[in-house]
S.K.: 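Questions regarding the structure given below will be posed in turn.
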Amino acid sequence: MVPDDFQERVVLVTGAGSGIGREAAQAFAARGGLVYGADLNERGLAETKDLIEHAGGRICVTRVDVSDEKEVAAFLARINKETGRLDVAFNNAGITGGAHRIEDYPTSDFEKVLQVNLRSVFLGMKYELPMMKRGGGGAICNTASVAALTGPGGMCAYAASKCGVHGLTRVAAIENSAHNIRVNTLAPGWTETPMVVSNSAQNPGFAAHATSAIPAKRGGLPSEVAAAAVWLCSPEASYVFGQMLVVDGGMTVGGFEYIEK
Ligand code: NAD
């Protein structure tokens, strides 16, 4: 039976039009939450809304550029006007950016990735935290990546942005734990979102090489990764503050397999 632990809860999800964000929005709604989904992709948002409403859940969707302060402020003002509260925020929207060595990385591309992945999390929390404080508490999950723990060649902007996300999370956790607000980071590994699946279809050799390096020998399902975000925001994680939960099929464990003689 699906628990109803988000009943009476108002839940914000960014990147709700696709992948991990869509799965999380569906899971929060299935567990009783009223979801406010944001994304740049309006078609994706409409699909998420259909999926949730067909399953009997509740969702309001808005086109929001999470890197734009005015748009983020207006989104939170809308939630405040319509519900007067915010209990959960999953700050998850993100982009990968291009792949180049540092010396070749276009500065404008570097700045863009930091704006969408890092500035967005700062802006989100800037407007979410006061609402949660007024309501007596809440839970925030910010999406980083295993790129916050490793050195993925060619992806300097992405790795820098995702390290920054966990830095912001830890500061937010320290500043708000006494206000009954828990803030944690989700660090997904290789997750088979539609974009990753279509890239793999175009480059099966790379995909086979990458997944064979994962101890679980497969990529994660978006639903498996979203489940960890939902758990971090649920009452079951009530004593988890300022942590990074890595969901990567063992990719970053760094050991080696034992082969019997
Ligand atoms: P996705 O592309 O399926 O979803 C990301 C969503 O964010 C998209 O719907 C996109 O439109 C939205 N978005 C992008 N820029 C935006 C902006 N400026 N404003 C609002 N929305 C915007 O990808 P996903 O895999 O579900 O990614 C979700 C998060 O997980 C991202 O932060 C990503 O970095 C992280 N992540 C993904 C993987 C993976 O393998 N898929 C691994 C590690 C981390």
Side-chain angles (χ1 to χ4, degrees), residues 12-27 36-49 51 61-75 89-99 109 111-124 141-150 152 155 157-166 168-169 185-200 206-207 210-211 213-214 216 218-229 232 244-249 251-252:
L12 176 163
V13 177
T14 72
S18 178
I20 297 165
R22 170 179 288 169
E23 291 286 344
Q26 289 179 274
Y36 277 81
D39 204 297
L40 268 185
N41 176 352
E42 290 180 276
R43 181 183 291 190
L45 279 177
E47 286 170 11
T48 303
K49 186 171 157 67
L51 286 166
V61 295
T62 317
R63 185 200 176 279
V64 180
D65 178 348
V66 292
S67 65
D68 182 311
E69 181 158 12
K70 281 203 185 89
E71 293 194 19
V72 173
F75 181 48
F90 182 30
N91 297 313
N92 164 76
I95 55 173
T96 312
D109 291 6
E111 284 166 353
K112 171 80 181 166
V113 173
L114 262 77
Q115 282 188 3
V116 175
N117 292 359
L118 181 58
R119 184 175 200 261
S120 63
V121 175
F122 162 71
L123 291 176
C141 176
N142 298 320
T143 303
S145 162
V146 290
L149 298 166
T150 60
M155 297 175 70
Y158 188 73
S161 71
K162 295 302 191 180
C163 282
V165 166
H166 192 46
L168 279 173
T169 293
T185 299
L186 173 74
W190 176 288
T191 309
E192 302 211 327
T193 53
M195 192 183 69
V196 170
V197 170
S198 81
N199 287 348
S200 302
F206 173 73
T211 48
I214 299 170
R218 65 177 180 87
L221 298 173
S223 58
E224 293 176 296
V225 175
L232 280 172
M244 179 189 286
L245 178 54
V246 181
V247 184
D248 69 350
M251 184 200 271
T252 52

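Atoms within a ligand are numbered from 1 in the order they appear, just like the ligands themselves. Quick caveat: nothing in here was measured; it's all calculated off a predicted structure.
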S.K.: List for me each residue that meets side-chain contact (heavy atoms from CB on, under 4.5 Å) alongside Leu123, sequence neighbours excluded, and say none if there are none.
M.R.: Glu69, Val72, Arg119

S.K.: Give the residue and atom name of whichever protein heavy atom lies nearest to atom 43 (C) of ligand 1, and the separation in Å to one decimal.
M.R.: Pro188 O, 3.2 Å

S.K.: Number the atoms of ligand 1 from 1 as they appear, then name those within less than 4.0 Å of a heavy atom of Thr143, with their elements.
M.R.: 29 (C), 30 (O), 32 (O), 35 (C)

S.K.: What do you reckon, does Ala144 put a non-hydrogen atom under 4.0 Å from ligand 1?
M.R.: yes

S.K.: State the atoms of ligand 1, each with its element, that fall below the 4.0 Å cut-off from a heavy-atom position in Asp65.
M.R.: 17 (C), 18 (N), 19 (N)

S.K.: For Val64, counting its heavy atoms only, list the atoms of ligand 1 lying under 4.0 Å from any of them.
M.R.: 19 (N), 20 (C)

S.K.: Just heavy atoms, cut-off under 4.0 Å: does Tyr158 contact ligand 1 by side chain, backbone, both, or neither?
M.R.: side chain

S.K.: Among Ala210, Gly17, Ser18, which one puts a heavy atom closest to atom 2 (O) of ligand 1?
M.R.: Ser18

S.K.: Can a non-hydrogen atom of Leu40 be found less than 4.0 Å from any atom of ligand 1?
M.R.: yes

S.K.: Does ligand 1 have an atom under 4.0 Å from some heavy atom of Lys162?
M.R.: yes

S.K.: Sub-3.5 Å donor-acceptor pair from the side chain of Thr14 to the main-chain atoms of Ala93, do we have one?
M.R.: yes

S.K.: Within the distance-only criterion (no hydrogens, no angle test), does the side chain of Asn117 pair as donor or acceptor with the backbone N or O of Ile95 below 3.5 angstrom?
M.R.: yes

S.K.: So is Gly189 close enough to ligand 1, meaning a heavy atom under 4.0 angstrom away?
M.R.: yes

S.K.: Hey, looking at atom 41 (N) of ligand 1, which of Thr191, Val66, Asn91 has the closest heavy atom?
M.R.: Thr191

S.K.: Among Val113, Asp248, Thr193, Thr96, which one puts a heavy atom closest to atom 23 (O) of ligand 1?
M.R.: Thr193

S.K.: For Thr185 and Ala144, indicate whether the former's side chain and the latter's backbone hold a donor-acceptor pair under 3.5 Å.
M.R.: no

S.K.: Pull out every atom of ligand 1 sitting under 4.0 Å from any heavy atom of Gly19, numbered as shown with elements.
M.R.: 3 (O), 26 (O)

S.K.: Give a yes or no answer on whether the side chain of Ser161 reaches the backbone of Ala159 with a donor-acceptor pair at less than 3.5 Å.
M.R.: no

S.K.: Going by the rule side-chain contact (heavy atoms from CB on, under 4.5 Å), which residues pair with Glu71 if we only count those two or more places apart in sequence or in a different chain?
M.R.: Arg63, Val64, Asp65, Asp68

